[in-house]
**Student:** 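Please see the structure below; I have some questions.
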Amino acid sequence: MKFPVNVPLITSEDRQAVLKNLESGWITGESEMVEKFELAFAAKVGAKYGIAVSNGSNALELAFAVLDLKPGDEVILPSFTIISCLAPLLRMGLVPVFVDSDPSNWNMSVEAVLQKISPRTRAILVVHTYGLAVDLDSILQICREKEIFLVEDCAEAHGVLYKGEPCGSFGDISTFSFFINKLITTGEGGMCVTSNPEFDQKLRKLRNLAFEPETRFKHNELGYNFRMTGMQAALGLSQLSRLDEHLSHKREIAKKYIYNLGQNLNITFQPESDKNSLNSFWVVGIILKDTTVNSNVIRSHLESSGVGTRPFFYPLHLQPLLGKFGFAGTTDCPVSEKLWHYGFYVPTGTGMKLTDVDKISEIISSKCKSLGII
Ligand SMILES: Cc1ncc(COP(=O)(O)O)c(C=O)c1O
């Protein structure tokens, strides 16, 4: 593939940091690098504590595991997101209450969230889709009033500010991913952050097989091994020092795509900003307006010209596995379905050259023309 969908920026400083950790021999979850990364990352996103884990999906598993939730409790979440958001709920016997996206920004509709609050709602999971912050004010207010937990999934929004405050600072527990395509990467990796000392202790314990401090191999609780290695943390710390640069670069990439392709009225981009936040453009997504061409058609044309793309998320409310849990067909989320049907994203990696954006835009333009999307 000439233009892979993701080219990460891994610098010689990153390599040196990992090498140094390797040479120290302290390469497991007990490495001091893990604690250093946790402290630095939590500070960057406005939280007191960081609990580094093996990936963003496990960060969500851990977050839900420590909240005081019982089978049958309802959790509100967007339909238009990754399976990692749904998986912990199904595993714990919680009831997923899906909300549709707002067509103007692709985020979960705040109005729909408020409408779906019921006496059984115990948590809301917000996801800042593709890097644009959800309008959190009314959600925060209702969470406070009704004692509902807020889990903030910031896997796509490292360094994004909502009304000047960092995403990650709003959730009772907030989660991040450091997968290779994220704003900063540790290859695989993730983190829970919180400012609640009780949650911090519980998250730390469950991450580490729920070992008891005094009687190490006698277990009172069922934990997980979700530890991050020292090598990953060393890379994470090195990448974190460039988070703001990565953010600017992503925003420049998006600006260029929008400048190059924005005059085509049959394609739509996510907004670059709204009144509350600046989009991080974790990925640059494109929605086709022409209802005769779905995203698979143009994606296969682009792939054959060397441009890597990915489809959008398949709506959670339609996931085939829901039938096994008795939740099939419970909701209608037409916007989420439309996003999946007509949306795809184009190369947006932190290591991508801006000149490549021009070359890719030309290819997209000509494919659009040949498919009548003009
Ligand atoms: C919103 C969201 N949550 C969670 C995850 C899962 O992260 P990971 O791939 O590190 O498990 C992702 C991954 O892309 C994501 O986009």
Side-chain angles (χ1 to χ4, degrees), residues 5-6 8 37 41 45 50-65 75-91 96 98-99 101 105-108 123-134 136 150-160 162 167-168 170-171 173-193 207 224-229 232-233 235-236 239 246 250 270 277 279-285 308-317 319 336 339-340 343-345 348-350:
V5 75
N6 179 54
F37 182 39
F41 189 80
V45 301
I51 301 91
V53 293
S54 39
N55 55 59
S57 306
N58 287 345
L60 284 161
E61 293 282 347
L62 214 55
F64 281 99
V75 179
I76 295 176
L77 76 165
S79 165
F80 184 62
T81 190
I82 194 164
I83 192 71
S84 316
C85 295
L86 175 61
L89 313 190
L90 297 179
R91 267 192 261 277
F98 300 108
V99 300
S101 300
N105 59 23
W106 313 353
N107 264 324
M108 66 200 298
I124 300 175
L125 171 59
V126 297
V127 180
H128 304 297
T129 302
Y130 296 158
L132 189 67
V134 172
L136 287 168
L150 181 67
V151 178
E152 193 190 355
D153 183 342
C154 309
E156 305 172 4
H158 312 61
V160 172
Y162 171 77
C167 289
F170 299 99
I173 301 173
S174 304
T175 62
F176 289 84
S177 162
F178 306 121
F179 184 61
I180 191 74
N181 63 1
K182 296 303 190 292
L183 267 290
I184 61 167
T185 187
T186 58
E188 300 280 354
M191 198 169 310
C192 293
V193 302
R207 164 188 70 176
Y224 309 87
N225 179 352
F226 285 167
R227 298 183 299 254
M228 174 183 273
T229 69
Q232 290 171 304
L235 178 56
Q239 289 255 322
H246 288 192
K250 289 262 191 187
Q270 199 182 23
S277 104
N279 199 334
S280 72
F281 283 106
W282 164 54
V283 293
V284 174
T309 64
R310 289 286 182 277
F312 273 6
F313 298 120
Y314 187 69
L316 290 184
H317 73 286
Q319 289 293 348
S336 160
L339 287 169
W340 169 69
F344 64 101
Y345 66 85
T348 328
T350 48

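In each ligand, atom 1 is the first atom listed, and ligand 1 is the first ligand listed.
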**Student:** If we only count N/O pairs under 3.5 Å, is Ser177 in contact with ligand 1?
**Tutor:**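 Yes, there is a polar N/O contact under 3.5 Å.
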**Student:** Using the side-chain contact (heavy atoms from CB on, under 4.5 Å) definition, which of the options Thr185, Val283, Asn181 pairs with Asn6?
**Tutor:**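 Testing each of Thr185, Val283, Asn181 against Asn6, the sole residue satisfying side-chain contact (heavy atoms from CB on, under 4.5 Å) is Asn181.
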**Student:** At their closest point, which heavy atom of Gln270 faces which heavy atom of Asn279, and how far apart are they?
**Tutor:**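 In this case the closest contact between Gln270 and Asn279 is OE1-ND2, 3.0 Å.
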**Student:** Among Lys182, Met191, Glu188, which residue places a heavy atom closest to atom 14 (O) of ligand 1?
**Tutor:**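 Answer by nearest heavy atom: Lys182.
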**Student:** Please state whether the rings of Phe37 and Phe178 are parallel, tilted or perpendicular, taking 30° and 60° as the class boundaries.
**Tutor:**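 Tilted: the ring planes of Phe37 and Phe178 meet at 30° to 60°.
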**Student:** Just heavy atoms, cut-off under 4.0 Å: does Val127 contact ligand 1 by side chain, backbone, both, or neither?
**Tutor:**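 For Val127, the contact with ligand 1 is made by the side chain alone.
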**Student:** Determine whether the side chain, the backbone, both or neither of Ser57 has a heavy atom under 4.0 Å from any heavy atom of ligand 1.
**Tutor:**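 Both the backbone and the side chain of Ser57 come within reach of ligand 1.
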**Student:** Considering the heavy atoms of Asn55, write down every atom of ligand 1 situated less than 4.0 Å from one of them.
**Tutor:**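 Taking each heavy atom of Asn55 in turn, ligand 1 has 10 (O), 11 (O) under 4.0 Å.
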**Student:** Would you check whether Trp282 has a nitrogen or oxygen atom less than 3.5 angstrom from a nitrogen or oxygen atom of ligand 1?
**Tutor:**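 Checking ligand 1 against Trp282, no N or O pair falls under 3.5 Å apart.
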**Student:** Decide whether an N or O pair under 3.5 Å exists between Cys85 and ligand 1.
**Tutor:**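 Cys85 vs ligand 1: no N/O contact under 3.5 Å.
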**Student:** Any idea which atoms of ligand 1 are less than 4.0 Å away from a heavy-atom of Ala155?
**Tutor:**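 The list of qualifying atoms is 1 (C), 2 (C), 3 (N), 4 (C), 12 (C), 15 (C).
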**Student:** Can you name the one residue among Phe313, Trp106, Trp340 that meets ring-ring contact (aromatic ring centres under 6.0 Å, His included) with Phe80?
**Tutor:**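 Going through Phe313, Trp106, Trp340 one by one, the ring-ring contact (aromatic ring centres under 6.0 Å, His included) with Phe80 is satisfied by Phe313 alone.
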**Student:** Can you check which of Asn58, Leu60, Ile82 brings a heavy atom nearest to atom 5 (C) of ligand 1?
**Tutor:**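 When every heavy atom of Asn58, Leu60, Ile82 is considered, Ile82 comes closest to atom 5 (C) of ligand 1.
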**Student:** Please work out which of the three classes, parallel, tilted or perpendicular, describes the rings of Tyr162 and Phe170, given edges at 30° and 60°.
**Tutor:**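 The rings of Phe170 and Tyr162 stand perpendicular, inter-plane angle above 60°.
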**Student:** Please name the pair of heavy atoms, one in Tyr130 and one in Ser280, separated by the smallest distance, quoted to 0.1 Å.
**Tutor:**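 For Tyr130 versus Ser280, the nearest heavy atoms are O-OG, 3.9 Å.
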**Student:** First locate atom OG of Ser177, then atom CE of Met191, and finally report the distance between them rounded to the nearest 0.5 Å.
**Tutor:**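 Reported value, rounded in 0.5 Å steps: 11.5 Å.
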**Student:** If the cut-off is 4.0 Å to any non-hydrogen atom of Gly56, which atoms of ligand 1 fall inside it?
**Tutor:**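 Counting from 1, the qualifying ligand atoms are 6 (C), 7 (O), 8 (P), 10 (O), 11 (O).
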**Student:** Below 3.5 Å, N or O to N or O, backbone or side chain included: is there any such pair between Thr81 and ligand 1?
**Tutor:**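 Looking only at distances, the answer is no, because the N/O contact criterion of under 3.5 Å is not met.
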**Student:** Starting from atom 16 (O) of ligand 1, find the nearest protein heavy-atom neighbour and note its residue, name and distance.
**Tutor:**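 Sorting protein heavy atoms by distance from atom 16 (O) of ligand 1 puts Glu156 OE2, 2.6 Å first.
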**Student:** Looking only at protein heavy atoms, identify the closest one to atom 4 (C) of ligand 1 and say how far it is in Å.
**Tutor:**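 Result for atom 4 (C) of ligand 1: Asp153 OD2, 3.6 Å.
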**Student:** For a quick test of reading the model, state the closest non-hydrogen atom pair linking His317 to Ser336 and the distance between them.
**Tutor:**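 What the structure gives for the nearest pair is CE1-OG, 4.1 Å.
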**Student:** Should the pair His158 and Phe41 be assigned to parallel (<30°), tilted (30 to 60°) or perpendicular (>60°) ring geometry?
**Tutor:**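 His158 vs Phe41 ring planes: perpendicular.
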